[in-house]
Amino acid sequence: MRMFKIVGSLLTALMLFSSTANAGCLLIANRSVTEASISKKDVKLIFLGKKIKWNNGMKIHKARLLHGPTHEQFLKEYIQKSVYSYASFWKLAIVTGSAIPPKSFKSEKDLIKYIAEKEGSVGYISTKTPHEGVVVLPVE
């Protein structure tokens with residue numbers, strides 16, 4: 001009987017995790033960002049440190065989550081890298097001085113607060129997360 005409770009608890013946790021992992025991502029930006037939308041290619045370039053200015057010349061300040069299903073989904077969907085390979089990419093970029101890594105946040109709430117306050121900033125959150133004070137940047 002005890003084994004059934006443990007297995008049931010594990011299955012419930014797995015279902016909750018997988019429903020969160022499939023929630024999808026929203027790209028959000030500070031209200032100062034004037035782009036009406038952004039290409040998937042530009043999202044990748046921004047979060048790999050290869051595009052550093054918006055079309056109007058304003059500096060891009062990128063923000064990312066440290067971990068979790070939203071972070072994993074974003075990397076898979078837009079960057080085409082695993083968590084490990086993305087971390088390795090930034091370790092090398094830091095050592096070589098080739099790019100400045102995104103500012104990292106433990107929670108979506110903190111990331112949203114940063115985006116709302118920092119001109120030119122962009123980041124990502126779960127589609128289910130409330131996001132007042134920022135704009136959603138559609139990805140084409």
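Heavy-atom basis, side chains included; hydrogens, waters and symmetry copies ignored. Quick caveat, the model's predicted, so the values are computed rather than measured.
Residues satisfying the side-chain hydrogen bond (donor to acceptor under 3.5 Å, both in side chains) criterion with E140, sequence neighbours excluded, are S37. A search for side-chain hydrogen bond (donor to acceptor under 3.5 Å, both in side chains) contacts involving K113 returns E117, not counting sequence neighbours.
Here the straight-line distance linking atom CZ of R64 with atom NE2 of H71 works out to 4.5 Å at 0.5 Å rounding. Once rounded to the nearest 0.5 Å, the distance linking NZ of K53 with CG of N56 reads 10.0 Å. Interatomic distance, OG of S104 versus CG of L65, reported as 9.0 Å (0.5 Å rounding). Atom OG of S126 is separated from atom CD of Q73 by 9.5 Å, given to the nearest 0.5 angstrom.
Side-chain N or O atoms of Y124 include none that pairs as donor or acceptor with a backbone N or O of L75 at under 3.5 Å. Remark: side-chain polar atoms of N30 are not paired, donor with acceptor, to backbone N or O of S121 under 3.5 angstrom. A donor-acceptor contact shorter than 3.5 Å links the side chain of K62 to the backbone of I100. A donor-acceptor contact shorter than 3.5 Å links the side chain of H131 to the backbone of T129.
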Original post:
Hey, mind stepping through L27 and Y78 against side-chain contact (heavy atoms from CB on, under 4.5 Å) and telling me if it holds?
Top reply: CA-CA 10 Å; L27 202 65; Y78 294 104; 6.0 Å; no
**OP:** Go through I28 and V122 one step at a time and tell me if the side-chain contact (heavy atoms from CB on, under 4.5 Å) criterion holds.
**Re:** CA-CA 6 Å; I28 59 170; V122 63; over 6 Å; no
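Considering all non-hydrogen atoms of both residues, S32 and G120 come closest at OG-N, 2.9 Å. Taking each heavy atom of P138 and A36 in turn, the nearest pair found is CD-O, 3.3 Å. Contact between L137 and A29 at its shortest, heavy atoms only, is CD2-CB, 4.4 Å. In plain terms, the two heavy atoms of W90 and A99 that are nearest each other are CZ3-CB, 3.6 Å.
Two different hydrophobic clusters hold I52 and I94 under the rule that ILVMFWY side chains link at heavy-atom gaps under 4.5 Å. Hydrophobic clustering (ILVMFWY, side-chain heavy atoms < 4.5 Å, transitive): M58 and I38 are in one cluster. Two different hydrophobic clusters hold Y114 and L66 under the rule that ILVMFWY side chains link at heavy-atom gaps under 4.5 Å. Linking Ile, Leu, Val, Met, Phe, Trp and Tyr residues whenever their side-chain heavy atoms come within less than 4.5 Å leaves V135 and I115 in two separate clusters.
Within the 4.5 Å cutoff, no side-chain heavy atoms of W54 are placed close to those of T34. Taking the side chain as every heavy atom from C-beta outward, V134 and R31 never approach each other to under 4.5 Å.
When the shell of 6.0 Å around NZ of K81 is examined, it contains more than 12 heavy atoms from other residues, nucleotides or ligands.
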Pairs under 3.5 angstrom only: tabulate donor-acceptor contacts from the side chains of residues 40-51 to other protein residues two or more places apart or in another chain.
residue, atom, partner, partner atom, Å
K40, NZ, E77, O, 3.4
K44, NZ, Q80, OE1, 3.2
K51, NZ, N55, OD1, 3.4

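E108 and T70 are linked by a side-chain donor-acceptor pair at a separation below 3.5 angstrom, with hydrogens and angles left out of the test. Side-chain contact annotation: S85 with S88, donor-acceptor N/O pair under 3.5 Å absent.
Ring geometry for F89 versus Y86: interplanar angle under 30°, hence parallel rather than tilted (30 to 60°).
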